[in-house]
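Notes follow once the structure below has been shown.
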Amino acid sequence: MTRAGRFVTLEGADGAGKTTGIAAAERCLQRRGIDFLVTREPGGTPLAEEVRGLLIAPREERVTPLAETLLLFAARAQHVAAVIAPALAAGRWVLCDRFTDATRAYQGAARGVPGATIETLAALAHPGLQPDLTLYLDVSPEVAFQRVDGAGRPSRDRFESEDAEFFRRVRAGYLALAEGNPRFCVIDASAPREVVAEHIVERLDALADAAT
Ligand code: TMP
């Protein structure tokens, strides 16, 4: 895939503070005059947003890990083809709230879907595309739960309803992915918001400096 823009993803458990992190990243790119778009997964196109609704809605029926993974990649294939790849090819930066690392952590590490299945689907949905920088906001399940509960939302979605053990596996999954992987930047998200924002800006500045 030919491209000139930079692909930056934000990852972290529910309650890690990704929304605040994205806002800090947006301010940084605006300040530098970089043309960018902000998008999210699952979602980012009308079809993919519908799939998101299906995925996060609490339901009686048990959703199998494979069915969940296939839905995520169906949404991702659409999102990449319709939004991410064209933007990158046009030289724009893409700031994406979650991408395939979320599948590796949630469906792989936490739900037990084999890594080979995930990588096969990733190769089909976004051949040759991976983030240039992944900002992983790391927080313990305890802190994350407090934040989700404190956010004043009326109810938890299907993922937020999982227990602490599930989120421990998600966290371990992300940390294992980050280990020795230079595109990852692990940020302690239990730190005050301004400190987290500073780390994000530092890394984006470094990426932007390297790109010019
Ligand atoms: P969000 O809360 O970050 O908007 O994401 C919605 C939920 O989707 C979140 O609980 C994590 C989950 N998710 C996965 O399990 N696998 C994935 O690949 C993605 C993108 C999200």
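Indexing begins at 1, ligand by ligand and atom by atom, following the structure's order.
Atom 7 (C) of ligand 1 has its closest protein heavy atom at Phe159 CD1, 3.7 Å. Considering only non-hydrogen protein atoms, atom 4 (O) of ligand 1 sits nearest to Arg52 NH2, 2.6 Å. Of the protein's non-hydrogen atoms, the one nearest atom 2 (O) of ligand 1 is Asp14 OD2, 3.4 Å. In terms of protein heavy atoms, atom 16 (N) of ligand 1 is closest to Gln107 OE1, 2.8 Å. Protein heavy atom closest to atom 18 (O) of ligand 1, with residue, atom name and distance, is Thr103 OG1, 2.6 Å.
The proximity of Arg98 to ligand 1, defined as any non-hydrogen pair under 4.0 Å, is limited to the side chain.
Residues Arg169 and Arg111 have side chains not in contact (no heavy-atom distance under 4.5 Å, counting atoms from C-beta outward). Contact annotation: the side chain of Arg6 never approaches that of Leu133 to less than 4.5 Å [non-hydrogen atoms, C-beta and beyond].
Counting atoms of ligand 1 from 1 in the listed order, those under 4.0 Å from a heavy atom of Arg76 are 18 (O), 20 (C). Residue-ligand proximity, Lys18 to ligand 1, at heavy-atom distances under 4.0 Å covers atoms 3 (O). Under a 4.0 Å criterion applied to the non-hydrogen atoms of Pro42, ligand 1 contributes the atoms 8 (O), 19 (C), 20 (C), 21 (C). Atoms of ligand 1 lying under 4.0 Å from at least one heavy atom of Leu72, given by number and element, are 16 (N), 17 (C), 18 (O), 19 (C). Residue Glu41 approaches ligand 1 through these ligand atoms, each under 4.0 Å from one of its heavy atoms: 20 (C). For ligand 1, the atoms sitting less than 4.0 Å from at least one non-hydrogen atom of Ala102 are 16 (N), 17 (C), 18 (O), 19 (C), 20 (C), numbered in the order shown with element in parentheses.
The pair Arg31-Asp205 meets the salt-bridge criterion, since a charged nitrogen lies less than 4.0 angstrom from a carboxylate oxygen. Ionic pairing of Glu68 and Arg62 is not present here: no N-O contact between side-chain nitrogen and carboxylate oxygen is shorter than 4.0 angstrom. For Glu49 and Arg40, the salt-bridge test passes: some basic side-chain N is under 4.0 Å from an acidic carboxylate O.
Within the cation-pi definition used here (under 6.0 Å to the ring centroid, within 45° of the axis), Arg76 qualifies as a partner of Phe73.
Crowding of Arg193 atom CZ: a count of heavy atoms from other residues, nucleotides or ligands under 6.0 Å not exceeding 12.
With respect to Tyr174, the side chain to side chain contact (heavy atoms under 4.5 Å, CB included) criterion is satisfied by exactly one of Thr134, Asp101, Val186: Asp101.
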